[in-house]
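Let me begin by presenting the structure, written as structure tokens, before commenting on it.
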There are 2 protein chains.
Amino acid sequence: MRLEPQYKKLLNNALEGSGQRATKQREHIFALLLEKRDHPTADEVYARARADMPTISLATVYNCLETLVETKLIRQVNFEREPTRYCPNLTQHAHFYCRESGEIVDIELSDQLVDELMKVLPKGFSAQHIDIAYDGKCNCCS
Amino acid sequence: MRLEPQYKKLLNNALEGSGQRATKQREHIFALLLEKRDHPTADEVYARARADMPTISLATVYNCLETLVETKLIRQVNFEREPTRYCPNLTQHAHFYCRESGEIVDIELSDQLVDELMKVLPKGFSAQHIDIAYDGKCNCCS
DNA sequence: ACAAAAATTAGAATTATTCCAATTATGGCT
DNA sequence: AGCCATAATTGGAATAATTCTAATTTTTGT
């Protein structure tokens, strides 16, 4: 697994921009998230990370994920009380959680729709972020 | 604190409908959620419940809340990794979380908007529920 | 009032995550 | 290239919300 130059640059810029250092671990975790673009938990990331980097610790995985979230290179995804998941898709999207298969699917959202959602806020409210989570049955399960 | 007859009937029907029993504890917790219509955590519910029912246990509070959620008399609300909160507002609404004050405000959603959100799902997907969480600054804090 | 089933209780267990203190790695500067 | 200050990693302990467990109590139907 290797991080493509464009993403390596993205990562380095993002880290530098917030006064943080580039490390093997951060790069490795970013790379594995980009490689398989699903929504793994920290434990799953830990398992994948150890395949190529057996000495990495779980604490570091948590630290790296936190850093990547802070620098806005990945997103956190939460469903109810389940373990937090991590998502490398940075486009504007919602998440669909299939109760049957457990799969999580990204649902693209138009600017227009997000705009409408912003407009329903009462006066004086300003949102930095809207989190939209569907749950039900996905196409494979219905 | 007393549960108004209309709500008592609602509770009893809902419980009966799912083969569960009416208990002092369930009634008490439902009543206190309806009395102060905010978004307390289980711990906060526990604290409020003990004011009038000092022997209630935390486990029971969790059990009752779970029962009320199952019977759809209240809703669960989750923000990131924070403790689950409980909401007696059953109308269609989203939640706004103010990062400044920590306050949670209900945002009413029109059928039309919810409809549009449903329409953006790809073919074959069907959602039972959409969870929408805004976060930013509320009117008091901006 | 009696028995069966369900709910409550207190405390132990679990699980995801964070904290801590010691070690190691990184990046800037000479 | 080597040194230093700072930041990151590490392993294990600690935390916090929630769930589980087994014993007791309550509820409901007869």
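Chain identifiers are assigned alphabetically (A, B, ...) following the order of the sequence lines, protein sequences preceding nucleic acid strands; residue numbering begins at 1 within each chain. Computed over heavy atoms, backbone and side chain alike; hydrogens, waters and symmetry mates excluded. Please read all numbers here as calculations on a predicted model, not as lab measurements.
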Contact between B:P122 and A:I107 at the side-chain level, heavy atoms closer than 4.5 Å - yes or no? yes
Could you check if a side-chain atom of B:C138 sits within less than 4.5 angstrom of a side-chain atom of B:S101, using non-hydrogen atoms only? yes
Value in whole Å for how far the C1' atom of D:dA16 lies from CD of B:E80: 17 Å
Rounding to an integer number of Å, can you tell me how far A:Y62 OH sits from D:dA14 P? 19 Å
Only one of B:H39, B:R85, B:E82, B:E80 clears side-chain hydrogen bond (donor to acceptor under 3.5 Å, both in side chains) with B:Y97; which? B:E82
Rounded to the Å, how far apart are A:R50 CZ and D:dT9 C1'? 15 Å
Do the side chains of A:R81 and B:N78 get nearer than 4.5 Å, heavy atoms only? yes
Contact class for B:T67 vs. all strands (heavy atom < 4.0 Å): base, sugar-phosphate, or nothing? nothing
Mind checking if B:T41 touches a base, just sugar-phosphate, or nothing, with heavy atoms under 4.0 Å? nothing
Rounded distance (Å) that lies between atom C1' of D:dT19 and atom CG of B:L65: 14 Å
Go through DNA chain C in 5' to 3' direction and return only the first and the last nucleotide with some atom under 4.0 Å of chain A's heavy atoms. C:dA16 to C:dG27
Need to verify one output field. Residue with the more 5' nearest nucleotide on DNA chain C, A:N63 or A:A42? A:A42
Within the structure provided, determine whether B:D106 and B:H95 are in side-chain contact (heavy-atom separation under 4.5 Å). yes
Do the side chains of B:D131 and A:D131 get nearer than 4.5 Å, heavy atoms only? no
Short of 4.0 Å, heavy atom to strand atom, which residues of residues 3-38 of chain B count as contacting DNA chain D? B:R21, B:A22, B:K24
Distance check needed: D:dA8 C1' versus A:I56 CD1, whole Å only. 11 Å
With heavy-atom distances below 4.5 Å as the criterion, would you say the side chains of A:L109 and A:L117 are in contact? no
Does A:T60 make a side-chain N or O approach to OP1 or OP2 of D:dT9 shorter than 4.0 Å? no
Got more than 12 heavy atoms from elsewhere within 6.0 Å of CD, B:E108? yes
Strictly by salt bridge (charged side-chain N to carboxylate O under 4.0 Å, His left out), give each pair with a member in residues 25-40 of chain B just once, sequence neighbours left out. B:K8-B:E27, B:K36-B:D38, B:D38-B:R48
Rounded to whole Å, please give me the gap between CG in B:N78 and C1' in D:dA17. 11 Å
